[in-house]
Each structure stands twice: as C-alpha cells, then as structure tokens.
Amino acid sequence: MVDLRVKIGALSLANPVMPASGTFADGLAQIVPFERLGALVAKTVTAELRSGNPTPRVAEVEQGMLNSIGIPSKGVAHFIATTLPFYRRFKSPLVVSISAPSADAFADLAAQFNLPGIAAIEANISCPNIEEGGKAFAMSPRATDAVVARLRAVTGMPLWVKLTPNTSDVASVARAAANAGADALVVANTILAMSIDIETFKPRLGNIVGGLSGPAVKPIVVRMTYQCAKAVDIPVIGCGGISSAEDAIEYMLAGASAVQVGTATFLRPQAMLDVIEGIAAFCARKGIAKVSALTGAVGDADMAIDALEAVP
Amino acid sequence: MEALLPKVRPVPAASERNAADVTALVVAHASVNAEYRHLVLHAPDPAPRAVAGQFFHLECPQTDRDKPFLRRPMSVYKADPRAGQVEFLYKVAGVGTRGLATLACGHTLRMLGPLGIGFSLARDWRGIVVLARGVGLATLAPLAEMAAARGIGVSAVLSARGPAQLMSVARFTQIGARVDTVFDSDGSSAPDNVEAIMRRLVDGGRADAFFTCGSNRLMLLLQRLGRELSVPGQVAMEQQMACGLGMCFCCVRNFKVANAVISRRVCWEGPVFDLDEALSW
C-alpha cells in the first residue's frame, strides 16, 4: 500500500492531487467525490463584484486552450455565505484563492478569510497590480515581496503564492515570495498568448489576449517548477498541463510536492481521480513506499545547465 | 400561469443534477441532407433520461485533419430511457463536428450529461407555439413531444433556407402538431410573414407560451410579440463552452433583469432561459 500523503508546510494532504483554481466548482461534485481529492481549491474571489471579460472567453489551440475569463466574482460576502458552506461539507482541506489590485487590497481581503473551515490562502498574484501600471505582481521580485509581506502580516493561515510564468526570472520571484513569508508556491498560472482567426482577421478572444493552458505548456512549467524548487526551501505545487499520472510524476520529480490539475478536468471530468490512481500504481510498480519520495528526485546530480541555456 | 411557472426559476444545486461521463455506442449515423447528420447512440444511464432542452458535452474524435481539443456541447434531439438511446442532429460546421462525422456504427463516444436546465411546461397550458430555424429544430423537436405527452397542443413554425434544408417535420406532425413551414427561397420566412403567422396563432388561442432556438432575429421577434401580447416564452441558447459544468465561466451570455444587465452561464443557469430577459447575441 503506497503512502500518498504529502505535507505542504504544516498542512497535511491525503494525496498530492488538487484542482487548479478556476477549473473547479460545485458542478463537478456530480462526477468526482470531493473527499478523494488532496485539497479543494476554490475559484478566485475578489473583494469587489466583477463581471469578467467580453466573449469569446475561450479559444482552442493545438494541445491547449486560451482563456480570458477576467475573474468574474460575486465578492466576499457571497463567498462566505454560499461557497464556503458548500465546500465545508467535504473533509478535504479547502484552499481559498484571492486576488486584488494592490498590496493593501490583498491584505484587506486576506484578513477576511481568517475563518474556520479554510485550510490555506492561495494568493493569485498573477493579476494586474494598479500600483505598477497593470503589470502582474508576480512579474517582479520587488512587487512580489511587497504584496506577500503585507499578506503575511495579516494572516496566520498557510499562505500559498501562485506565480505567473510571464516573467523573465521566475526563480528570483520565487525567492522573493519565500523570503517575504510564503508557506508554499504554486507554479504557475497560464502563459499569456494570442490567437487570430485568419478568415475573419479577428482575435479569437474577446479580450484579444489570454492565458494558454493544457498539455502545450507542460514542458515550460516543468522547467519553472524545477527552477523554483531549486531556489527555495518551501514546498512548490506544480500546475501546468497535467492531465495524467505521468505528467504529475514528472512535476514531482522536478521538485513539486503536490500538483494542481486544471484544463484536463474540462476534457475528462474525472481526470484528477485518474491521476491519483495512476500515481499510486506507478509507486507500487517502482517499489516506492511514499509518494513524497518523488519530490525533487530527478536524477540531475551529475549534470549541469549550460550557462548559455540558463537564461532566464 | 405566472404562479405555476415563476419567472425566476431556482437554479438546481449540483446535488439535484444527475450528469455522468459515460461511454456510448454508435448504433446509427447518417446524413439527413447536405449539411446535417443524425447520430443515434446506445448510452448507459443517466444519459437517456435527458429532457428536452438539455445537452451533452461530446468528446469529438480526432482525425488526420482535425484535432479538437475541447469537447463540444450538443443539445438532445431525442432521448429514450426505455430504449436506452440518445440522439443528436448536428450540422457539420467545424473541427469538432467534422471529427464527430467520422464516427461509424460500433464506434464509441464519451459524453458528459445530461447537462443544463431544459424547457419547463406549466400545468395549465393548453397550447404552445415553437418557432425554430436551423439547428434550433433539433432542440425544439423533443420539446414538442414532451408537450404532446402532457396533453398540450403544439403549433410549430419551422423556418429554413429552402424545402431541402427543412428537417424533422415528421417529428412535429407525428405528435399532432399544427405545422407551418416558411422559406427564404420563396420569401415566406420574412419577418413580416412570420409575425403575421404568430399573431394568428395567438388570436386563435394556441399560444400560452412561445419557444424558440437557433436564430437571434426570430428570438427578438418573439420577444417583442411576447411583451406586446403578454405571452411568456423560453429561448434555448448556444455558446462556446469549455467545461460544461459551470466551472470555467467561458459560456456566459448577458441578460436584462430588472433594468440591470447580468451574465449567466449557458451551461449551468441555461441553456434554456426566460425569453423576456434574453439579450441579442
């Protein structure tokens, strides 16, 4: 019997598989018993009411999809009154994803979630920072340090920080988040991308640009997970194009302590369950007693990255 | 009538829904005309318990030419729990439906559903009017059968480019529906003529409610008539989808509710919506 338990800082998970924020909601409970997931990650909530972006909000590309949803949100009161009681019915730990347009607003929002029934806060700092001309917080180590420090000051809850892949130096951003008090990193959000319909000459998203997810992004985010795990001592949660146990194992070998499954759930709603079962079967086949032994077990000890290939 | 079918229907919680991701077997698949194909599947429970207006999210096959990444939503053309069958009528229009068109008898298809909220019929309605064009016929044919089974008379106005593009007339006539056909080819599908037909049906006491699908122009016409003549209505909408389960918020459309514009998910709060609240798409 393989021990699937993993620890993300002080938080223990029954297995390393959880949904990515924005790809999970009550509707999936028809298909997936939520008790079987390592954690539940709610859709990002904002303090203000947001209606989201114009349609089309999705465009499919080779081996992936673009989305520009725009974080529609009914606000904190609705979340606490409706969403939170729903998720509290399940024993799996609940992770609340939050987003805000400034470091102060982030802190104000996080402070409202010091509530029973919430296991961790995931700060989605891939969103635009109005104090930096709309650049995402997680594009720069300095903005990341500022927002994570403010968050750390207002919450004693496990604080996960979700990074953006749209940065030139993800390892430095990871270090900034860890040094400012993050308990874990989620690597990463979607990759900024664009697609044009050549028949109509129109962008295929109403927002012109959007985030790429799905198998197409996996090798890029595996690399970022590897870099971040090398750069920090806190756990890294891998997220990007995971649709099978093999993908999840690859992320863990690169340094991830746990994984988030997103777009794959849209294609196969039971994808997370298949990943959990597949990881257990893999460990059993390999004679690995604890899944946590996979974390960072990539065989790179006698290897090095050529300096000319190491940027960013 | 208003009391029996309140305008703001509560949206069922996940625990009140019954979707499952099942593997269905193709038992028939044939062309209906130059554009449309009719797919019949033997599918395990709960798929055949789908009701009119609900849809499935189909895992369309990949081909050498087409690699559909996302599933494709498709409304139910027929669902028969006794036969264990689900049927779709679809137009081959792009990457997903070209893949779907390659399915042969004996092949399997993964399908998630039944999804969404279907049509509602009030107990005291005696007659409904359905106005359908294009693929909207596929969505409204099972509604006509559901109404007939409850003793509600059906008047159908079916619109198409020409007689060759008209489908499913037998589905309506078999249940005793009164059918009017209108075409672009002879000008009878012009808004003025369709409006005149609708007014005659209302005057004849045949329209306790309007139903439509498949045309923005016809939706707006029915909405205007419904407001003028105090006839309630429902419209089935389409939108691009990723998940089909209310998670991704890709499939939103705007609605006007009490002077405010709000967005709703077609997959979760729909695909059938109150006609009066619909906005042009």
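These figures come from a predicted structure and were not determined experimentally. Below, chains carry the letters A, B, ... as their sequence lines are ordered, and counting in each starts from 1. Hydrogens, waters and symmetry mates are skipped; everything else that's a heavy atom, side chains included, is used.
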For chain B against chain A, give me the donor-acceptor pairs closer than 3.5 Å, one per line with atom names and distance.
residue, atom, partner, partner atom, Å
A:Gln30, OE1, B:Asn18, N, 3.4
A:Gln30, OE1, B:Ala19, N, 2.9
A:Arg57, NH1, B:Phe249, O, 2.7
A:Val58, O, B:Gln240, NE2, 3.3
A:Glu60, OE1, B:Phe69, N, 2.9
A:Glu60, OE1, B:Leu70, N, 2.7
A:Glu60, OE1, B:Arg72, NH1, 3.2
A:Glu60, OE2, B:Arg72, NH2, 2.7
A:Leu267, O, B:Arg71, NE, 2.7
A:Leu267, O, B:Arg71, NH2, 3.0
A:Arg268, NE, B:Glu59, OE2, 2.7
A:Arg268, NH2, B:Glu59, OE1, 3.0
A:Arg268, NH2, B:Glu59, OE2, 3.3

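Looking only at heavy-atom pairs under 4.5 Å with chain B, the residue among A:Gly64, A:Pro215, A:Gly214, A:Ala25 that has the most is A:Gly64. Between chain A and the options B:Ala13, B:Gly244, B:Cys248, B:Cys267, heavy-atom pairs under 4.5 Å are most frequent for B:Cys248.
In this structure, B:Pro114 and B:Ala19 approach most closely via the heavy-atom pair O-CB, 3.5 Å. Closest heavy-atom contact between A:Ala188 and A:Val221: N-CG1, 3.7 Å.
Interface remark: B:Leu70 contributes backbone and side-chain atoms alike to the contact with chain A (heavy atom separation under 4.5 Å). At a 4.5 Å heavy-atom cutoff, B:Val261 makes no contact with chain A through either its backbone or its side chain. The contact between A:Leu267 and chain B is made by backbone and side chain atoms together, counting heavy-atom distances below 4.5 Å. Contacts between A:Pro72 and chain B at a heavy-atom distance below 4.5 Å involve the side chain alone, from C-beta outward.
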| task | Using the side chain to side chain contact (heavy atoms under 4.5 Å, CB included) rule, take B:Phe210 and B:Leu275 through it: C-alpha gap first, then chi angles, then the decisive distance, then the call. | result | CA-CA 8 Å; B:Phe210 289 147; B:Leu275 177 63; 4.3 Å; yes

| How far apart are the C-alpha atoms of B:Phe211 and B:Leu222, what are their side-chain angles, what is the distance that settles it, and do they pass the side chain to side chain contact (heavy atoms under 4.5 Å, CB included) test? | CA-CA 8 Å; B:Phe211 293 84; B:Leu222 266 195; over 6 Å; no

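Counting non-hydrogen atoms of other residues, nucleotides and ligands closer than 6.0 Å to CD1 of A:Ile208 gives a total of 12 or fewer.
Side-chain contact between B:Phe69 and A:Phe266 is absent, with no heavy-atom pair separated by less than 4.5 Å. A:Ile220 has its side chain out of reach of A:Val222: every pair of non-hydrogen atoms, C-beta onward, lies at least 4.5 Å apart. A:Val96 has its side chain within reach of A:Val45: a pair of non-hydrogen atoms, C-beta onward, lies under 4.5 Å apart.
In this pair, B:Phe273 and B:Phe255 present their aromatic rings tilted. The plane angle is within the 30 to 60° band.
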